[in-house]
K.L.:
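Sharing a structure, written as structure tokens. Questions coming.
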Amino acid sequence: MILIIIYTILSGLHSICTGLLYLFMFQLPAHVAGLLFLSFLLGCTGLISSWGMWMYRKWGLNLTKMIYTLLIPMTCIVMVSGKYGTSGPAVVWQVFETGFALWILLYLMKPEIKKAFR
């Protein structure tokens, strides 16, 4: 559980920094800026949900599940659009990120995990 919380914090910080950097440094089309803004919002929400998970709050668990539910299609869209490139390492990273998000989501849905949160 602690590794999921740490991963969510690091992903949230990465999404916030990347989203802000790209939004303010580059002239981007509206659809790309919209995805980056959504990534920024998910990063902020990830930090909040990590706090809720750390405190074993049910809202933290539910918020984390919503984040990873949104993250799976987002990473698939990024992979198809080629935003990070179409080279082997970029595609492998997107596949890894999608698979890891799916694994986290399935882990958080286990009955014993749900029972731990109040």
K.L.:
Just to verify, what does I2 make a side chain to side chain contact (heavy atoms under 4.5 Å, CB included) with, not counting sequence neighbours?
P.N.:
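Partners of I2 under the side chain to side chain contact (heavy atoms under 4.5 Å, CB included) test: I6, W54.
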K.L.:
Roughly how far, to the nearest 0.5 Å, is CG of L13 from CG of L47?
P.N.:
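Interatomic distance, L47 CG to L13 CG, rounded to 0.5 Å: 5.0 Å.
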K.L.:
How would you list, by chain and number, every residue that makes a side chain to side chain donor-acceptor pair (under 3.5 Å) with S39, sequence neighbours excluded?
P.N.:
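Listed in chain order: nothing, the list is empty.
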K.L.:
Return the minimal non-hydrogen interatomic distance between Y7 and Y68, and the atom names on each side.
P.N.:
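Minimum heavy-atom separation between Y7 and Y68: CD2-OH, 3.3 Å.
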K.L.:
Enumerate, atom names and distances included, each donor-acceptor pair closer than 3.5 Å involving a side-chain atom of residues 98-114, sequence neighbours excluded.
P.N.:
| from | atom 1 | to | atom 2 | distance (Å) |
| --- | --- | --- | --- | --- |
| T98 | OG1 | T75 | OG1 | 2.7 |
| T98 | OG1 | Q94 | O | 2.8 |

K.L.:
Please report the interatomic distance OG(S11) to CG(L42), rounded to the nearest 0.5 Å.
P.N.:
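Output value for this atom pair is 10.5 Å.
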K.L.:
When rounded to the nearest 0.5 angstrom, what is the spacing between CG in L41 and CD1 in I67?
P.N.:
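The CG atom of L41 sits 11.0 Å away from the CD1 atom of I67.
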K.L.:
If you define the side chain from C-beta out and look only at heavy atoms, does anything of K65 sit under 4.5 Å from L61?
P.N.:
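With C-beta onward as the side chain, the pair touches.
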K.L.:
Could you measure the distance from the CD1 atom of I9 to the NE2 atom of H14? Nearest 0.5 Å is fine.
P.N.:
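Interatomic distance, I9 CD1 to H14 NE2, rounded to 0.5 Å: 15.5 Å.
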K.L.:
Between T8 and M53, does the side chain to side chain contact (heavy atoms under 4.5 Å, CB included) criterion hold? Intermediate values first, please.
P.N.:
CA-CA 10 Å; T8 305; M53 294 265 296; over 6 Å; no
K.L.:
Rounded to the nearest 0.5 Å, what's the gap from CG on L21 to CD1 on I16? Could you check?
P.N.:
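If we round to the nearest 0.5 Å, L21:CG and I16:CD1 are 13.5 Å apart.
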K.L.:
Please report the interatomic distance CD1(I5) to CE(M55), rounded to the nearest 0.5 Å.
P.N.:
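Rounded to the nearest 0.5 Å, the CD1-CE separation comes out at 10.5 Å.
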K.L.:
For C17, what residues pass the side chain to side chain contact (heavy atoms under 4.5 Å, CB included) criterion, not counting sequence neighbours?
P.N.:
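Listed in chain order: nothing, the list is empty.
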K.L.:
Could you work out, with side chain to side chain donor-acceptor pair (under 3.5 Å) as the rule, every residue matching T64, not counting sequence neighbours?
P.N.:
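T64 satisfies side chain to side chain donor-acceptor pair (under 3.5 Å) with S49 once adjacent residues are dropped.
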K.L.:
For I48, which residues count as a side chain to side chain contact (heavy atoms under 4.5 Å, CB included) partner, sequence neighbours excluded?
P.N.:
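Partners of I48 by the side chain to side chain contact (heavy atoms under 4.5 Å, CB included) criterion, ordered by chain and then number, come out as W59, L63.
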K.L.:
Can you give me the closest heavy-atom contact between G43 and S15, atom names plus distance?
P.N.:
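In this case the closest contact between G43 and S15 is CA-CB, 3.9 Å.
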K.L.:
How far apart are the closest heavy atoms of F117 and M1, and which atoms are they?
P.N.:
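Smallest interatomic distance, heavy atoms only, reads CE1-CE, 3.8 Å.
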